[in-house]
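Quick notes on the structure that follows.
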Amino acid sequence: MERENSDQLFSQEIEKQFQFDESVASVFDDMIDRSVPFYRENIELIIKVLEKFVSSGDTILDLGSSTASLLLKIESELRELNLQLIGIDNSKPMIEQAKKKLDAFGSKISIYDGDILTYQLPASQVIILNYTLQFIRPMDRENLLKRIYNSLQDGGVLILTEKTVSRNSKLNKKLIDIYYDYKRTKGYSDYEISQKREALENVLVPYREDENIRLLNSVGFHDVESIFKWANFVTLIALKN
Ligand code: GEK
């Protein structure tokens, strides 16, 4: 039986490139939960990192906040810190889904409809870019990361999670195979996996882990470490000293 809001989008033949439209937004929570390995555990880890880096009243900014799952979890786990939680996304259907969830939880999170490439980023202690940079055109990435660096307070941190590629093409293929095996265990068929891969072609453009680190270094983040890694997914923490 089909569950409500379950991701079946790629079980039909696709006619267009992947977009964050109404059809994606309405199944997004199920899609990301089944498509991103350790999505929930990664959120738990990020909250542990925040506990070490934030103080009462600090601002946390989530860029590409989608349906606000991460911000809602931060709000509920770190309630006593009275953090200013802000999300920015440029997909109206995503913002709508996020707002429905915020209302349901009586949340104080602010979600703004804006392009993170041009939006005036508020001064923040922590900025989170989870699975979002990979959707930004390569030529715009450095400028975005520079603006993020400038918006962070001294002692602030950027948390960046991305899908990655490997330098060695054989290894790359094997890691992708492992990832597709993972998706099969989450109920996706071979047909859905290949349809989605096609739809994401040239839309999701992953970099190697070392390319991401070099880019972060180039905009001023001299201390960058990975805090989580699973096959071709990595979470980096970058410090502004
Ligand atoms: C999560 N972080 O749940 N400006 C604003 N938003 C953008 C832009 C842009 N230029 N480009 C893409 N987005 C979330 C998951 S999803 C990743 C992030 C995925 C938004 C886009 O609308 C979408 O909501 C989000 O970035 C990427 O951890 O679907 O794999």
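Each ligand, and each atom within it, is numbered from 1 in the order the structure gives. From a predicted model like this one, the values you see are computed outputs, not experimental measurements.
Between atom CD of residue Q153 and atom CD1 of residue I127 there is a gap of 9.5 Å, rounded to the nearest 0.5 Å.
At a heavy-atom distance under 4.0 Å, only side-chain atoms of I136, from C-beta outward, approach ligand 1.
Annotation: atom 27 (C) of ligand 1 to nearest protein heavy atom, F20 CZ, 3.7 Å. The protein heavy-atom contact nearest to atom 17 (C) of ligand 1 is Y131 O, 3.0 Å. Scanning the protein heavy atoms around atom 30 (O) of ligand 1, the nearest turns out to be F135 CE1, 3.5 Å. Residue, atom and distance of the protein heavy atom nearest to atom 1 (C) of ligand 1 are Y39 OH, 3.4 Å. Shortest contact from atom 4 (N) of ligand 1 to any protein heavy atom: I116 N, 3.0 Å. Protein heavy atom nearest atom 10 (N) of ligand 1, with residue, atom name and distance: D115 OD1, 2.9 Å. In this structure, the protein non-hydrogen atom closest to atom 26 (O) of ligand 1 is G64 CA, 3.5 Å.
E75 and S107 share a side-chain donor-acceptor pair at under 3.5 Å. Between S218 and K146, the side chains place no donor N or O within less than 3.5 Å of an acceptor N or O (distance only, hydrogens not considered). Side-chain N/O atoms of S124 and T59 include no donor and acceptor closer than 3.5 Å. Judged purely by distance below 3.5 Å, without hydrogens or angles, the side chains of T67 and K101 pair a donor atom with an acceptor atom.
Residue N90 holds the heavy atom nearest to atom 13 (N) of ligand 1 of all those in D33, N90, L133, L129. Nearest to atom 25 (C) of ligand 1 by heavy atom, out of A98, S66, S65, is S66.
Under the side chain to side chain contact (heavy atoms under 4.5 Å, CB included) criterion, T132 pairs with I116, L129, not counting sequence neighbours. Judged as a side chain to side chain contact (heavy atoms under 4.5 Å, CB included), and not counting sequence neighbours, the contacts of D154 are K240.
Ligand 1 has an N or O atom lying under 3.5 Å from an N or O atom of D89, backbone or side chain. Checking only distances, I32 never comes within under 3.5 Å of ligand 1, N or O to N or O.
Within ligand 1, counting atoms from 1 as listed, the ones closer than 4.0 Å to a heavy atom of G114 are 4 (N), 5 (C). Every atom of ligand 1 with a heavy atom of F28 under 4.0 Å away is listed here by number and element: 15 (C), 16 (S), 29 (O). Near M94, meaning under 4.0 Å from one of its heavy atoms, ligand 1 places the atoms 24 (O).
Counting heavy atoms from C-beta on, the side chains of S26 and E22 come closer than 4.5 Å.
No more than 12 heavy atoms of other residues, nucleotides or ligands lie within 6.0 Å of CZ in F105, so this atom counts as exposed by the packing criterion.
Checking L160, I148, V205, D140 one by one against L133, the side-chain contact (heavy atoms from CB on, under 4.5 Å) holds for a single residue, L160.
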